[in-house]
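Read through the structure below, which is laid out as structure tokens, and then see the notes.
These numbers come from a predicted model, not from an experiment. Atom set for the values below is all heavy atoms of this structure, side chains included, hydrogens, waters and symmetry mates excluded.
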Amino acid sequence: MREVIETRNAPSKIGPFSQAIRANGFVFVAGQVPVDPESRAVVPGDILVQTKRVFENLSAVLHAAGTSLEKVVKVGVFLKNLDDFGRFNELYERYFPSEPPARTTVEASRLPKEVLVEIDAIALA
């Protein structure tokens, strides 16, 4: 079974994809960027400000799917600049304080809307 998940509490998609898909006991969340869901504008600020907004968006999609950050098993992180890695990790640890999910972090030369960070996730449904 495959179910599309959509919520107005996270930014609407900017391309031909779903915010998330629930399938076979998992929720696959598309990459979330630091866009305010109401204004549809990129949240201005440094890596910490933008990462906080990304986690708010990610949490909203997970909630709409009936799950949460506590059930995330894999995260993909895309940073515009790996020099932000240390500061990003300081905030990331607050969202996953114990038994954090598996993770991949890469530097991406360009991200949608020129943001500093994008995060996708896989969670237990």
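- A donor-acceptor pair shorter than 3.5 Å cannot be found between the side chains of Arg53 and Thr51.
- In this structure, Ile21 belongs to a hydrophobic cluster whose other members, linked by side-chain heavy atoms under 4.5 Å apart, are Val4.
- Considering only heavy atoms from C-beta on, Val72 stays 4.5 Å or farther from Lys74 through its side chain.
- Contact check for Gln32 versus Ile119: no side-chain heavy atoms found under the 4.5 Å cut-off.
- Using bins of under 30°, 30° to 60° and over 60° for the plane-to-plane angle, the ring pair Phe96/Phe55 lands in the perpendicular bin.
- Looking at Thr67, its side chain never comes within 3.5 Å of a backbone N or O of Ala123 through a donor-acceptor pair.
- Checked by atom type and distance alone, the side chain of Gln19 pairs as donor or acceptor with a backbone atom of Thr7 at under 3.5 Å.
- Summarising the geometry, atom OG belonging to Ser68 is positioned 10.0 Å from atom NE2 belonging to His63; distances are rounded to the nearest 0.5 Å.
- Applying the salt bridge (charged side-chain N to carboxylate O under 4.0 Å, His left out) rule to Glu114 yields the partners Lys80, Arg110; only residues at least two apart in sequence or on another chain are considered.
- The main-chain N or O of Ala41 is never found under 3.5 Å from a side-chain atom of Asp36 such that the two would form a donor-acceptor pair.
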- request: Test Arg87 against Asp46 for salt bridge (Lys or Arg N to Asp or Glu O under 4.0 Å), laying out the working first.
  value: CA-CA 10 Å; Arg87 293 184 69 216; Asp46 65 7; 2.9 Å; yes

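- Closest approach of Glu56 to Lys52, counting heavy atoms only: OE2-NZ, 2.7 Å.
- Judged purely by atom type and a 3.5 angstrom limit, Gln50 uses its side chain to pair as donor or acceptor with the backbone of Val43.
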Audit row: Arg103, Val77, side chain to side chain contact (heavy atoms under 4.5 Å, CB included) steps and yes/no: CA-CA 7 Å; Arg103 184 177 105 182; Val77 177; 3.9 Å; yes

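- Neither Leu91 nor Val49 shares a network with the other; the hydrophobic side chains, linked directly or stepwise wherever heavy atoms of I, L, V, M, F, W or Y lie under 4.5 Å apart, form separate groups for each.
- Taking OG1 of Thr105 as the start and CG of Asn89 as the end, the distance is 7.0 Å to the nearest 0.5 Å.
- Remark: Lys71 pairs with no residue by the salt bridge (charged side-chain N to carboxylate O under 4.0 Å, His left out) rule, at least two apart or across chains.
- Here Val106 sits in one hydrophobic cluster together with Val33, Val35, Val42, Phe78, Leu111, Val115; the rule is ILVMFWY side chains under 4.5 Å apart, joined directly or through other members.
- Taking CG of Leu116 as the reference point, atom CG of Asn81 lies at 8.5 Å (rounded to 0.5 Å).
- Both Phe85 and Val117 are members of a single hydrophobic cluster when ILVMFWY side chains are connected at heavy-atom separations under 4.5 Å.
- Rounding to the nearest 0.5 angstrom, the gap separating the OH atom in Tyr95 from the CG atom in Leu69 is 8.5 Å.
- Judged by distance alone, with hydrogens and angles left aside, the side-chain atoms of Arg40 form no donor-acceptor pair with the main-chain N or O of Pro11 at under 3.5 Å.
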message: Assess the residue pair Val27 and Ile122 against the criterion (side chain to side chain contact (heavy atoms under 4.5 Å, CB included)); give the C-alpha distance rounded to whole Å, side-chain angles, the decisive distance to 0.1 Å, and a yes or no.
response: CA-CA 6 Å; Val27 175; Ile122 301 170; over 6 Å; no

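- Residues Pro112 and Glu118 form a side-chain contact, since some pair of their non-hydrogen atoms from C-beta on lies under 4.5 Å apart.
- Shown here for Arg8 and Pro37, the closest heavy-atom pair between the two residues is O-CB, 3.7 Å.
- Asp120 is not listed as a side-chain neighbour of Val75, based on a closest heavy-atom distance of 4.5 Å or more.
- Here Ile5 is tied to no hydrophobic group at all, with no ILVMFWY side chain closer than 4.5 Å.
- In the hydrophobic clustering of this structure, Phe17 does not group with Val61; members are Ile, Leu, Val, Met, Phe, Trp, Tyr whose side-chain heavy atoms approach within less than 4.5 Å, directly or through other members.
- Linking Ile, Leu, Val, Met, Phe, Trp and Tyr residues whenever their side-chain heavy atoms come within less than 4.5 Å places Leu58 and Leu48 in a single cluster.
- For residues 26-50, there are no ring pair (Phe, Tyr, Trp, His ring centres under 6.0 Å) pairs, not counting sequence neighbours.
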